[in-house]
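Beneath this line is the structure, given in structure tokens, with notes to follow.
For reference, positions follow the sequence shown, starting with 1.
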Amino acid sequence: MTRSLRLTIAVATAAVAALALSACSAGSSSADGTVTDGKLTIATGQPAYSPWVEDNKPQSGKGFEAAVAYAVAKEMGYAKSDVVWKRSTFDSAIAPGPKDWDLNIQQFSIDAKRKKAVDMSSAYYTTTQAVVTTKQSKAADATTVSALKADAIGVATGSTSIQSVKDVLGITPQVFNSNDDAVLALKSGQIDAIVTDLPTAFYMASAQLDDGTVSAQFPADGKGDQFGFVLPKGSKLTSKVDSALATLRKDGTLADLQTKWLSSETGTPVLK
């Protein structure tokens, strides 16, 4: 075999490998861009927590993100029986490289840096501020602005919650070095409640407080973090997911699911 022939074969082999890697990185092995022909494979965390997924069973369609995933799948033309669920860690989902799923949903904030490694859809949810307290606190029953503004409110330094408290409640909150410090202040009775973004509030209430509760939400102002689906880089499905979300946003489905799973089912009313 001549040197030129060996070089030609080596170049051709490298090109084929590059194409294979590109296809694998996009996570697709079928004509429609999915990892399995005729199926839509959706990943979420293990475990997946309420109110995003109820009882760690995304296949039930119960929980905000499980319900959103099925609504998007339906809009894309997939029956519920054609949706396949997988589990992945948060970090592996946003890392570069091949994926064995088509979509991943687990409260991923849309971020320019992440978009360098993966595709991200348009937003299916924009976080709101919420009130987390204990069931014994006088703030537990404060579901109106006038009632809550009479309580001692804590926030973490550098958070958008500071301005939200000033704008909505018309008071200046107590500022702590971190959310953990605010939780300690709540436990000791130094403050009556903490204001933070809704996902963090649910975490605090369930994981950091023995008798925690998310008692209310601030009205949506569109200024919070935006959550989107993660897809493999260069996925053929990204534009289809965006189109599905645009329809669900326009027809009110996303708003209805947000009200059902992040307000009604959790008993977390919007402050009036």
Side-chain angles (χ1 to χ4, degrees), residues 45 47-52 64-65 89-91 94 106-114 120 123-228 258 261-263 266-272:
Y49 295 102
S50 176
W52 314 106
F64 178 63
E65 289 189 332
T89 64
F90 188 98
D91 290 341
I94 56 176
Q106 45 180 312
Q107 303 109 68
F108 296 107
S109 294
I110 298 172
D111 177 84
K113 184 177 179 181
R114 289 175 178 169
M120 297 202 74
Y124 60 83
Y125 173 64
T126 301
T127 60
T128 59
Q129 296 293 307
V131 183
V132 59
T133 185
T134 60
K135 294 175 182 177
Q136 288 73 35
S137 170
K138 65 175 184 175
D141 297 321
T143 57
T144 65
V145 170
S146 59
L148 190 62
K149 69 191 303 180
D151 297 325
I153 306 297
V155 297
T157 186
S159 68
T160 56
S161 305
I162 300 172
Q163 193 60 47
S164 294
V165 171
K166 291 179 179 179
D167 292 344
V168 176
L169 301 183
I171 61 173
T172 300
Q174 294 184 42
V175 180
F176 296 89
N177 289 330
S178 66
N179 281 327
D180 289 343
D181 287 345
V183 168
L184 290 174
L186 178 59
K187 288 180 176 179
S188 67
Q190 183 180 343
I191 55 176
D192 300 311
I194 300 167
V195 171
T196 185
D197 63 85
L198 187 65
T200 302
F202 281 127
Y203 172 76
M204 284 181 175
S206 62
Q208 294 184 286
L209 296 165
D210 293 334
D211 57 350
T213 181
V214 183
S215 58
Q217 301 179 58
F218 281 29
D221 60 9
K223 297 178 181 179
D225 285 347
Q226 293 186 317
F227 290 172
Q258 183 175 329
W261 293 109
L262 301 183
S263 182
T266 60
T268 312
V270 177
L271 287 171
K272 296 181 179 180

Discussion item. Quick check: do Q208 and D180 have side-chain heavy atoms less than 4.5 Å from each other?
Written reply: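 SC-SC contact between Q208 and D180 confirmed.
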Worksheet item: Just wondering, do V214 and T266 contact through their side chains at under 4.5 Å, heavy atoms?
Response: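 With C-beta onward as the side chain, the pair stays apart.
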Under the side-chain hydrogen bond (donor to acceptor under 3.5 Å, both in side chains) test, residues paired with [X] that sit two or more places apart:
X: Q106; answer: S88, N104
X: T213; answer: none
X: T89; answer: S92
X: S159; answer: none

Practice prompt. Just jot down the ring pair (Phe, Tyr, Trp, His ring centres under 6.0 Å) partners of F108, sequence neighbours excluded, or say none.
Written response: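 Residues passing ring pair (Phe, Tyr, Trp, His ring centres under 6.0 Å) with F108: F90.
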Item to complete: Under the ring pair (Phe, Tyr, Trp, His ring centres under 6.0 Å) rule, collect the residues that match up with F218, sequence neighbours excluded.
Response: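 With sequence neighbours excluded, F218 shows a ring pair (Phe, Tyr, Trp, His ring centres under 6.0 Å) to no residue whatsoever.
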Show which side-chain atoms of residues 194-204 pair as donor or acceptor with protein atoms under 3.5 Å away, not counting sequence neighbours.
residue, atom, partner, partner atom, Å
D197, OD1, T200, N, 3.0
D197, OD1, T200, OG1, 3.0
D197, OD2, T200, OG1, 2.9

Fill in: Value rounded to 0.5 Å, distance of OG in S137 from NZ in K135
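With rounding to 0.5 Å, OG (S137) is 13.0 Å from NZ (K135).
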Worksheet item: Sequence neighbours excluded, which residues qualify as side chain to side chain contact (heavy atoms under 4.5 Å, CB included) partners of D141?
Response: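 D141 satisfies side chain to side chain contact (heavy atoms under 4.5 Å, CB included) with no residue once adjacent residues are dropped.
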Practice prompt. Could you note down all residue pairs passing ring pair (Phe, Tyr, Trp, His ring centres under 6.0 Å) where residues 125-174 supplies at least one of them, sequence neighbours left out?
Written response: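 Qualifying pairs: F64-Y125, Y125-F227.
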Ignoring hydrogens and angles, write down the donor-acceptor pairs under 3.5 Å from the side chains of residues 164-177, residues two or more places apart or on other chains.
residue, atom, partner, partner atom, Å
S164, OG, T160, O, 3.3
D167, OD1, Q163, NE2, 2.9

Discussion item. Under a 3.5 Å distance rule, please check whether Q217 uses its side chain to pair with a backbone N or O of L262 as donor and acceptor.
Written reply: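 Between the backbone of L262 and the side chain of Q217 there is a qualifying donor-acceptor contact (under 3.5 Å).
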Fill in: Pairs meeting criterion side chain to side chain donor-acceptor pair (under 3.5 Å) with involvement of residues 219-228, two or more places apart
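Of all non-adjacent pairs touching residues 219-228, none passes side chain to side chain donor-acceptor pair (under 3.5 Å).
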Worksheet entry | side chain to side chain donor-acceptor pair (under 3.5 Å) pairs, two or more places apart, involving residues 145-155 |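 Every side chain to side chain donor-acceptor pair (under 3.5 Å) pair that includes a residue of residues 145-155, provided the two are not neighbours, is T144-S146.
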